[in-house]
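Structure first, commentary second.
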Amino acid sequence: KVQKIREEQGLKGSNYSLHSVFMGPPGTGKTTIARLLGRIYKHLGYLESGHLIETDRAGLVAGYIGQTAIKVNEVVKAALGGVLFIDEAYALSRGGDGRDFGTEAIETLLKRMEDHRDELVVIVAGYSDNMEEFINSNPGLQSRFNRYLEFNHYNGAELLGIFKLFARKSDFILSEDAEEKLSFIFDQLYQKRHPNFGNARVARNIFEKCTQNQANRVVSIVPLTKEILMTLEEPDVPAVNETVEKIMMFDKAKNDPKAKE
């Protein structure tokens, strides 16, 4: 904010980069924070609209020579005045031997960032270790990205809070027994988590399963009161062992090519 005021007063400003690296597992709010930053930068006068354009390797890299630069330029054009959010950005440096079109995407992106440095904020996101390798793979990336934000896994209590937020938004409440069972499930999931554990996405999936179970349980009840419709009971919550094992196997499969097969 002070930097912006200096510019308005005709004072020299420093080359202050707003480009950022978001590091952390999925489901921890990286996209949401990027969207909020866009609104903040618009409020401060750094960005004209503050909107968010989200993309990934598939949205930037083409399969033929010359097409990748066109795709990157189109995405950057759509993001001008706002934030360009590149999820799993480390996939752009896949191969690292110069023959992959991801290298062309990176070089084109770096040029566009320089050309539009006063009207574009780029945020790259992904797993912590992979993002460090990605930034270190190109000197241009190292010079343009100097703001790092770490996103940690949600613990059991936080996951339960996220579940209750989903419930409140959909006009559901938890019985005491249901909440106790969910608390145990989320504690187990946090303790046994894999690096790519889905966090808030897992909480949402479990919530959706609970509402399906509740619908099957109450559909034949007469009369079907508002209180019954709103309340998630302990039987609506999936079995603890089944839920934990299923999610752990799914997370492991995402990280293990053999498990995928």
Side-chain angles (χ1 to χ4, degrees), residues 22-33 54 56-58 87-91 94 125-134 149-221 227-261:
F22 286 5
M23 304 189 300
T28 49
K30 296 188 292 295
T31 305
T32 299
I33 296 301
E54 183 177 359
D56 55 14
R57 176 186 167 91
D87 197 17
E88 297 183 349
Y90 50 82
R94 185 184 303 163
Y127 297 106
S128 299
D129 292 344
N130 291 334
M131 290 308 297
E132 290 182 5
E133 294 178 5
F134 169 67
L149 281 76
E150 187 79 32
F151 290 72
N152 298 317
H153 287 285
Y154 291 120
N155 61 34
E158 291 167 335
L159 289 168
L160 177 61
I162 292 169
F163 181 100
K164 293 168 77 172
L165 178 62
F166 286 131
R168 185 164 63 250
K169 287 183 176 181
S170 298
D171 290 330
F172 283 98
I173 58 175
L174 289 172
S175 70
E176 185 174 338
D177 289 343
E179 182 168 340
E180 183 177 346
K181 186 175 180 181
L182 283 165
S183 179
F184 182 77
I185 287 175
F186 287 131
D187 282 340
Q188 289 293 304
L189 288 172
Y190 177 72
Q191 292 173 18
K192 299 180 180 182
R193 68 193 182 279
H194 288 281
N196 52 350
F197 173 60
N199 291 281
R201 299 173 189 174
V202 170
R204 181 184 60 201
N205 292 339
I206 293 177
F207 168 71
E208 291 174 352
K209 182 61 176 177
C210 289
T211 60
Q212 293 171 13
N213 292 344
Q214 189 246 29
N216 291 331
R217 177 177 60 83
V218 307
V219 66
S220 59
I221 295 178
E227 181 179 359
I228 293 175
L229 288 170
M230 290 181 63
T231 306
L232 295 176
E233 302 283 359
E234 186 272 337
D236 304 326
V237 181
V240 175
N241 292 337
E242 177 185 351
T243 301
V244 174
E245 290 176 4
K246 183 183 296 185
I247 292 174
M248 290 300 100
M249 289 181 62
F250 178 73
D251 286 344
K252 183 178 181 181
K254 290 190 293 185
N255 231 14
D256 184 355
K258 293 184 179 179
K260 290 180 182 179
E261 298 173 0

Flag, side chain of [X] to backbone of [Y], donor-acceptor distance under 3.5 Å:
| X | Y | result |
| --- | --- | --- |
| N199 | Y154 | yes |
| E233 | S175 | no |
| Q188 | I185 | no |
| R217 | Q214 | no |
| K181 | V237 | yes |
| N196 | H194 | no |

Please find the pair of heavy atoms, one from [X] and one from [Y], that lie closest to each other, and give the distance.
| X | Y | result |
| --- | --- | --- |
| V218 | I228 | CG1-CG2, 3.8 Å |
| A89 | M131 | CB-CE, 4.1 Å |
| P238 | C210 | CD-SG, 3.7 Å |
| M23 | S128 | CB-OG, 3.6 Å |
| F151 | F22 | CE1-CG, 3.6 Å |
| R201 | P26 | NH1-CB, 3.5 Å |

| request: Please test F163 against L159 for side-chain contact (heavy atoms from CB on, under 4.5 Å), starting from the C-alpha separation and ending with a verdict. | output: CA-CA 6 Å; F163 181 100; L159 289 168; over 6 Å; no
From [atom1] ([X]) to [atom2] ([Y]), nearest 0.5 Å:
| X | Y | atom1 | atom2 | result |
| --- | --- | --- | --- | --- |
| L232 | L174 | CG | CG | 5.5 Å |
| Q191 | F186 | CD | CZ | 14.0 Å |
| E227 | I173 | CD | CD1 | 6.5 Å |
| L182 | E234 | CG | CD | 9.5 Å |
| E179 | K164 | CD | NZ | 3.5 Å |
| E158 | I162 | CD | CD1 | 7.0 Å |

| Do the side chains of I206 and L189 get nearer than 4.5 Å, heavy atoms only? | yes
| When you measure from the centre of the six-membered ring of Y190, is the NZ or CZ of R193 under 6.0 Å away and within 45° of the axis? |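 Flagged: R193 positioned over aromatic ring of Y190.
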| query | Is the number of heavy atoms from other residues, nucleotides or ligands within 6.0 Å of CD (E150) greater than 12? | reply | yes
